[in-house]
Amino acid sequence: MPSSPKRVVLGVSGSIAAYKAADLASRLVKSGVEVFPILTADAARFVQPATFRALTHHPCPIDVFEEPYPGEIAHIWLARNCDLFAIVPASMNVIARLANGLAEDMLTAAAMACTAPILLAPGMNTGMWNNPATQANLAKLRDYGYFFIEPTSGRLACRTEGVGRMADVETIFAAIHEMLARQDSWRGIKVLVTAGPTREPLDPVRYLSNRSSGKMGYALAEAARLRGAEVTLVSGPTALAAPGGVEVVHVETAAQMRDAVLLRSNSADIVFAAAAVADYRPSEIAAQKIKKALGDSSLELTPNDDILALLGSRKLPGQRLVGFAAETEDLLASARRKLDDKQLDWIVANDVTAEGAGFDGDTNIVTLLGRGGEEIALPLLTKREVAERILETVQENVNRDAPPSDN
Ligand code: PMT
């Protein structure tokens, strides 16, 4: 049975590069993609909605109250019915509105309701691009999980040279197709991710915990979902929003995380254990707030189960286990020991004392160690990029191990 065509919402905002979006729409349609155009009011001063209607054979709304799809609330329908949302070009204004939750027209309302990946191709004057407000908004959007095709340097419509020129249509076209292809690469695969810290209560108001923000694990969950996997994220307490399309199980203690993971591990094809699970918990939880005592005091601790080691001891055939090692010394030797002891396929070693690596920040520096002796050192990357590289590595490994297909 032929698969249904991929659906892309093409949002066009007010920048001189808007005219190039018509070419992009035409190329996408010719390549078999179903394109649903949306213009902002400013984009419609550069290009006509009629152009996009003719090229895509779909309505081209502008105002959020338009009703081009009978019986449907248009911005919600568009948000739910696309595989990818591309904004080409993305103006300074649209970037600012997306970063600050201002859903004022069809484009921004649909984009903000969308859980499919959103790809932005910014295009603007160099000064506007370099403006600290734009850079802060871009950082926010990166943090929210938006994807970007960076603008290039060159001659701009304002007769200046500099960065801000929207990437070429061919580059954007290729990126859209690459993202669409990637969406199916993990379809049918069940992924279980642990993320964040655990909290081990001491009394009704205090707990033992660590600095994990959950960012690394959430990035992995998001990256696996964007490849089409069915993802469950078992998360300790974090301040992060649940990634769209991912089942999130919230836990607090290591024991709760263990139970939540063991309940789901038998149906998982791949487990990524990015959580910073507390190795110990207070032996007793005081029923009342512990009063301040004069002099020294000590705390008795009981070891928690090692969740990943439990998974390693009951690993199913074909299941892949990917652990993390947060180390402050002997990085690779300690990580390799954990790889062996916990019977893992891969371990991601991070020296959590290195600048730009480890807990809480948006970046990490890791080395991937494989069961087969592989050692892949990655440079400083955002946690999202690290997640992508980990998934690529595990995927290559799965493909290499797969039995040859009959056809
Ligand atoms: O959350 P972020 O702020 O983004 O930070 C990311 C991170 C530094 C937390 C992450 O990259 C990381 O290194 N996670 C693992 C932290 C850790 O607990 O490492 P470990 O070396 O103590 O544990 C080794 C592995 O065993 C880990 O996969 C861990 O999830 C698992 N483990 C550990 C103890 C335990 N009781 N049960 C476990 O399953």
Side-chain angles (χ1 to χ4, degrees), residues 143 145 192-200 208-223 233-240 243 251-262 264-265 268 270-281 301-315 320-369 378 380-387 389-390 394:
D143 211 32
L192 182 60
V193 182
T194 69
T198 63
R199 281 182 187 168
E200 310 301 323
L208 301 181
S209 190
N210 58 64
R211 295 176 190 279
S212 170
S213 63
K215 286 179 186 170
M216 192 62 250
Y218 277 56
L220 281 162
E222 176 79 0
L233 173 63
V234 178
S235 173
T238 74
L240 303 176
V251 296
E252 195 150 317
T253 64
Q256 289 167 358
M257 185 171 277
R258 176 201 59 206
D259 294 347
V261 166
L262 293 184
R264 293 162 178 84
S265 60
I270 307 178
V271 181
F272 295 100
V277 186
D279 289 320
Y280 293 92
R281 64 182 183 278
L301 298 174
T302 302
N304 283 325
D305 285 337
D306 191 310
I307 304 168
L308 198 49
L310 285 174
L311 295 186
S313 66
R314 58 175 71 175
K315 194 160 135 191
R320 293 289 187 282
L321 296 182
V322 183
F324 276 72
E327 306 294 345
T328 55
E329 56 185 345
D330 298 332
L331 177 68
L332 297 185
S334 307
R336 200 162 276 290
R337 211 164 28 247
K338 287 178 185 172
L339 175 87
D340 293 338
D341 291 350
K342 303 189 191 203
Q343 302 176 61
L344 309 178
D345 297 282
W346 289 90
I347 195 151
V348 182
N350 34 202
D351 174 354
V352 292
T353 59
E355 179 81 30
F359 292 90
D360 200 24
D362 292 326
T363 58
N364 208 353
I365 308 167
V366 303
T367 301
L368 313 187
L369 300 178
L378 301 182
L380 175 77
L381 296 170
T382 65
K383 284 183 176 167
R384 288 189 49 174
E385 289 165 335
V386 170
R389 299 290 289 272
I390 294 171
V394 172

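All ligand and atom numbering here is 1-based and tracks the order in the structure. All values derive from a computational prediction rather than experimental measurement.
Assignment of Val366 to the shell around ligand 1 is not supported, since no heavy atom sits closer than 4.0 Å. Distances shorter than 4.0 angstrom occur between a heavy atom of Lys342 and an atom of ligand 1. Not a single heavy atom of Ala254 lies less than 4.0 angstrom from ligand 1. Remark: distances from the non-hydrogen atoms of Ala325 to ligand 1 include one below 4.0 Å. The closest approach between any non-hydrogen atom of Ile347 and ligand 1 is not below 4.0 Å.
For the pair Leu344/Val322, no side-chain contact is recorded, criterion being any heavy-atom separation below 4.5 Å from C-beta on. Side chains of Leu208 and Leu301 form a contact here, defined as non-hydrogen atoms less than 4.5 Å apart.
Given atom 6 (C) of ligand 1, the protein heavy atom at minimum distance is Met216 CB, 3.6 Å. Protein heavy atom closest to atom 38 (C) of ligand 1, with residue, atom name and distance, is Asp306 OD1, 3.4 Å. Protein heavy atom closest to atom 39 (O) of ligand 1, with residue, atom name and distance, is Leu308 N, 2.9 Å. Among all protein heavy atoms, the one lying closest to atom 27 (C) of ligand 1 is Phe324 O, 3.0 Å. Protein heavy atom at the shortest distance from atom 22 (O) of ligand 1 is Lys338 NZ, 4.1 Å. For atom 34 (C) of ligand 1, the nearest non-hydrogen atom of the protein is Asp279 OD1, 3.3 Å. Considering only non-hydrogen protein atoms, atom 14 (N) of ligand 1 sits nearest to Ala274 O, 2.9 Å. With respect to atom 1 (O) of ligand 1, the closest heavy atom belonging to the protein is Ser212 OG, 2.6 Å.
Around atom 29 (C) of ligand 1, the closest heavy atom drawn from Ala275, Ser334, Gly323 belongs to Ala275.
In Ile307, the parts holding a heavy atom less than 4.0 Å from any atom of ligand 1 are both the side chain and the backbone.
Salt bridge status for Asp345 with Lys315: present, with a side-chain N to carboxylate O gap under 4.0 Å. A salt bridge links Glu327 with Lys338: the closest approach of a Lys/Arg side-chain nitrogen to an acidic carboxylate oxygen falls below 4.0 angstrom.
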